[in-house]
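Data first, discussion second: the structure below is written as structure tokens.
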Amino acid sequence: MSNYDKVMKLALERGFYFPSCEIYADAPAGFWEYGPTGVSIKNKFIDLWRRELVRRDGMMEVDGCQIMSKSVFVASGHIGNFTDPIVKCTKCNSIFRADRFIEEKTGQRVPERLSNEEIDSLLKNNGLKCPNCKGDFGPVSRFNMMFRVGIGPAGEEAYLRPETCQSIFVDFSRVFKTMRGRLPLGIAQIGKSFRNEIAPRQSLLRLREFYQAEIEVFCNPKRLDDVPRFDEVKNTTLRLFKDGDGAVIAVSAGEAVEKGLIPNRLVAYYLALLTEFYEKTGIDVSRSRFRRLSDEEKAFYASVAFDFEVETSTGWLELVACNYRSDYDLKGHAETSKEKLEVVDPADQQKVLPHVFELSMGIDRSLYTILEHSYYEEQAKDETRAVLKLKPYLAPVLVGILPLMTKDGLGEKARRIHSDLKRDFDTFYDESGSIGRRYRRLEEAGAPFAITVDQTTMQDDTVTVRYRDSMQQVRVKVPDLAQFLRDSLLIK
RNA sequence: GCGACGGUCGUCCAGUUUGGUCUAGGACAUCAGAUUGCCAAUCUGGUAACCCGGGUUCAAAUCCCGGCCGUCGCACCA
């Protein structure tokens with residue numbers, strides 16, 4: 001069984017995530033829901049993101065709407081660039097990207113701005129047929145990855161946002177003014193985005209409705225090396241990779257800038273913050289890399305782009321897109337809306353239209369990767385022990401509270417300890433089955449600790465605390481438990 | 001979206017070839033009770049499934065058609 005399958009099984013069995021609307025046969029692909037344990041780890045992941053990125057860097061957070069007006073996407077370029085010309089075979093219904101298909105077959109460039117009719121005649125003049133069945137093509141149509149919605153009784157055209165960042169761009173002016181912003185300013189947002197993927201696959205890895213944690217750093221393009229906090233990260237190791245170059249180069253952030261591997265300190269600073277963040281999620285960053293994208297691969301708005309990728313059982317998985325978007329977005333919104341979006345940079349009292357460096361994180365993929373990198377099996381006696389070695393601050397259950405047996409007042413004592421702790425910590429009380437079985441259940445669910453109430457507890461008011469990973473036990477006084485657990489949650 | 005293969009308790013699997021003792025079986029998980037009492041113990045009992053819709057038939061988990069979902073390959077992935 002592949003690791004993907006193991007994580008999938010664990011997710012279904014333990015309520016991390018599962019298909020949306022699964023009791024109905026017409027449930028569409030690409031939609032998944034988080035169950036109780038999944039929500040818990042997701043919320044904790046987001047808390048960690050706020051701590052390590054938003055608060056650390058003094059960013060501001062907003063929460064925008066998921067439905068946005070058509071104009072937003074005219075300005076962003078999604079209405080133009082997000083539509084692909086497609087043709088469908090009239091015989092076997094295969095669908096092809098018309099422009100790419102023509103380029104591939106004839107070698108001639110197909111400009112983006114050709115009309116459907118012009119592409120039609122290109123197909124006809126070159127005598128192109130369906131490569132699968134030699135059937136004729138129907139007329140060229142447009143496929144847009146955005147979900148269109150109709151507002152009000154007239155069905156006014158609007159869209160579900162395909163990326164959360166557009167909210168940040170349209171909010172930028174007000175946030176900057178009212179919150180007394182200064183460049184560089186990070187504005188962050190957690191929220192859902194929607195893309196009508198042609199072929200969603202692999203549960204959380206390719207969704208039609210998904211969570212993004214995005215950060216847009218607004219900056220003055222003349223001051224991209226003016227990063228006061230750069231010293232904090234100059235020794236942080238960045239793992240850089242470029243297709244064709246072969247191996248990953250591990251260099252410090254400072255060195256990466258000096259050697260020109262990264263164009264400026266601002267970009268290097270945020271790549272370093274991101275690396276430090278992911279290290280704290282428990283993902284094995286020695287299996288990660290920042291892949292510098294070639295011009296062909298980059299999004300239409302990006303001038304420099306790095307993908308943060310992590311190795312999983314499904315191959316290299318893109319968790320974060322880091323794009324230098326220049327002034328592409330603010331310029332587009334300024335032109336379309338006729339609003340002035342320049343701000344004054346106090347450094348030189350000059351007006352500037354800020355440039356943007358973006359960290360666009362896929363939350364669902366990150367959570368999947370945390371689960372996969374945290375899961376391991378080891379032989380314990382004749383049995384395989386399955387453990388989810390989640391960090392305490394990400395674990396849905398921090399501690400299980402188990403009476404060794406229910407008689408002699410041990411059950412009551414354990415329930416009392418549970419009720420004293422449950423409002424401050426994620427606890428789980430369990431008295432069913434043998435003690436060994438309960439330990440195994442907890443470690444498979446990722447709980448770092450188990451508290452066991454035994455006969456000694458009744459004499460000296462101590463319990464054993466068992467560590468998930470080492471299976472070692474220590475005795476702790478009951479009144480000290482809360483402090484013990486608080487200490488375990490510290491993020492180092 | 002195309003093609004190949006597949007879809008049975010929470011999970012994994014048997015049953016489908018050759019329609020009928022299938023009133024759908026097992027393992028693990030889970031629940032209750034008994035027993036035990038520090039690393040998946042034992043016993044007893046219970047809950048729990050044929051993806052959806054249509055068709056053929058005296059009879060469908062099994063055959064046929066359509067849809068949905070999944071895996072893989074192709075294509076797609078701003």
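In what follows, every chain begins at residue 1, and chains take the letters A, B, ... in the order their sequences are listed. No experiment lies behind these values; they were computed from the predicted model shown.
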> Applying the salt bridge (charged side-chain N to carboxylate O under 4.0 Å, His left out) test to A:E431, which of A:R415, A:K407, A:K413 qualifies?
Replying inline: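 Running salt bridge (charged side-chain N to carboxylate O under 4.0 Å, His left out) over A:R415, A:K407, A:K413 with A:E431 returns exactly one hit, A:R415.
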> When A:E309 is tested against each of A:R291, A:R292, A:R365 for salt bridge (charged side-chain N to carboxylate O under 4.0 Å, His left out), which residue passes?
Replying inline: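 It is A:R291; the other options fail the test.
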Separation between the [atom1] atoms of [N] and [M], rounded to whole Å:
| N | M | atom1 | value |
| --- | --- | --- | --- |
| B:G66 | B:A27 | P | 39 Å |
| B:A4 | B:G67 | P | 13 Å |
| B:G10 | B:U57 | C1' | 35 Å |
| B:C28 | B:C69 | C1' | 25 Å |
| B:G73 | B:A24 | P | 39 Å |
| B:U17 | B:U62 | C1' | 10 Å |
| B:C13 | B:U8 | P | 9 Å |
| B:C5 | B:C43 | P | 44 Å |

At 4.0 Å (heavy atoms only), tell me whether [X] reaches a base, stays on the sugar-phosphate, or touches nothing.
| X | value |
| --- | --- |
| A:P28 | sugar-phosphate |
| A:Y4 | sugar-phosphate |
| A:R466 | base |
| A:A199 | base |
| A:I435 | sugar-phosphate |

> Taking the nucleotide of RNA chain B with the closest heavy atom to each, which residue, A:G436 or A:A25, is nearer the 5' end?
Replying inline: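 Per heavy-atom nearest nucleotide, the more 5' residue is A:G436.
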>> Pick the closest RNA chain B nucleotide for A:L12 and for A:S432 by heavy atoms, then say which residue is nearer the 5' end.
In response: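 Its nucleotide being nearer the 5' end, the pick is A:L12.
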> Which one, B:C38, B:C72, B:C76, comes nearest to the side chain of A:Q202?
Replying inline: B:C72
>> The side chain of A:A29 is closest to which nucleotide in this list: B:C31, B:C69, B:G37?
In response: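 Among the listed nucleotides, the one closest to the side chain of A:A29 is B:C69.
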Measure from [atom1] on [X] to [atom2] on [N] and round the result to the nearest Å.
| X | N | atom1 | atom2 | result |
| --- | --- | --- | --- | --- |
| A:I23 | B:C69 | CD1 | P | 16 Å |
| A:L319 | B:C77 | CG | C1' | 15 Å |
| A:L205 | B:C76 | CG | C1' | 16 Å |
| A:M8 | B:U11 | CE | P | 10 Å |
| A:L442 | B:U30 | CG | P | 11 Å |
| A:R437 | B:U42 | CZ | P | 8 Å |
| A:H78 | B:C77 | NE2 | P | 13 Å |
| A:D430 | B:C31 | CG | P | 7 Å |

Any N or O donor-acceptor pair under 3.5 Å from the base of [N] to the side chain of [X]?
| X | N | value |
| --- | --- | --- |
| A:R438 | B:C38 | no |
| A:R201 | B:G73 | yes |
| A:Y439 | B:C38 | yes |
| A:Q473 | B:C38 | yes |
| A:D454 | B:C38 | yes |

>> Ignoring hydrogens and geometry beyond distance, is a side-chain donor-acceptor pair present between A:T384 and A:Q379 at under 3.5 Å?
In response: yes
> Do A:S193 and A:Q212 have side-chain atoms, one donor and one acceptor, less than 3.5 Å apart?
Replying inline: yes
> Taking the six-membered ring for Trp, are A:F277 and A:F45 ring centroids under 6.0 Å apart?
Replying inline: yes
>> Between A:Y368 and A:Y4 (judged by ring centroids, cut-off 6.0 Å), do the two rings come close enough to count as a pair?
In response: yes
> For A:T452 and A:D454, what are the C-alpha separation, side-chain angles and deciding distance, and is it a side-chain hydrogen bond (donor to acceptor under 3.5 Å, both in side chains)?
Replying inline: CA-CA 6 Å; A:T452 308; A:D454 56 19; over 6 Å; no
>> So for atom CD, which belongs to A:E33, do other residues, nucleotides or ligands contribute more than 12 heavy atoms lying within a distance under 6.0 Å?
In response: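 More than 12 heavy atoms, drawn from other residues, nucleotides or ligands, come within 6.0 Å of this atom.
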> Stems in RNA chain B: runs of 3 or more consecutive Watson-Crick or G-U pairs, distances under 3.5 Å?
Replying inline: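 Ordered by first number, the stems with RNA chain B (at least 3 consecutive pairs each) read B:1-7 with B:68-74, B:10-13 with B:25-28, B:30-34 with B:42-46, B:51-55 with B:63-67.
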> Does the pair A:R325/A:E163 count as a salt bridge with the N-to-O cut at 4.0 Å?
Replying inline: yes
> Are any of A:T452's side-chain N or O atoms less than 4.0 Å away from OP1 or OP2 of B:C38?
Replying inline: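 No, because none of the side-chain N or O atoms of A:T452 sits under 4.0 Å from OP1 or OP2 of B:C38.
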> With a 4.5 Å heavy-atom cut-off, do A:K70 and A:E156 have their side chains touching?
Replying inline: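 Result no, sub-4.5 Å side-chain heavy-atom pair not found.
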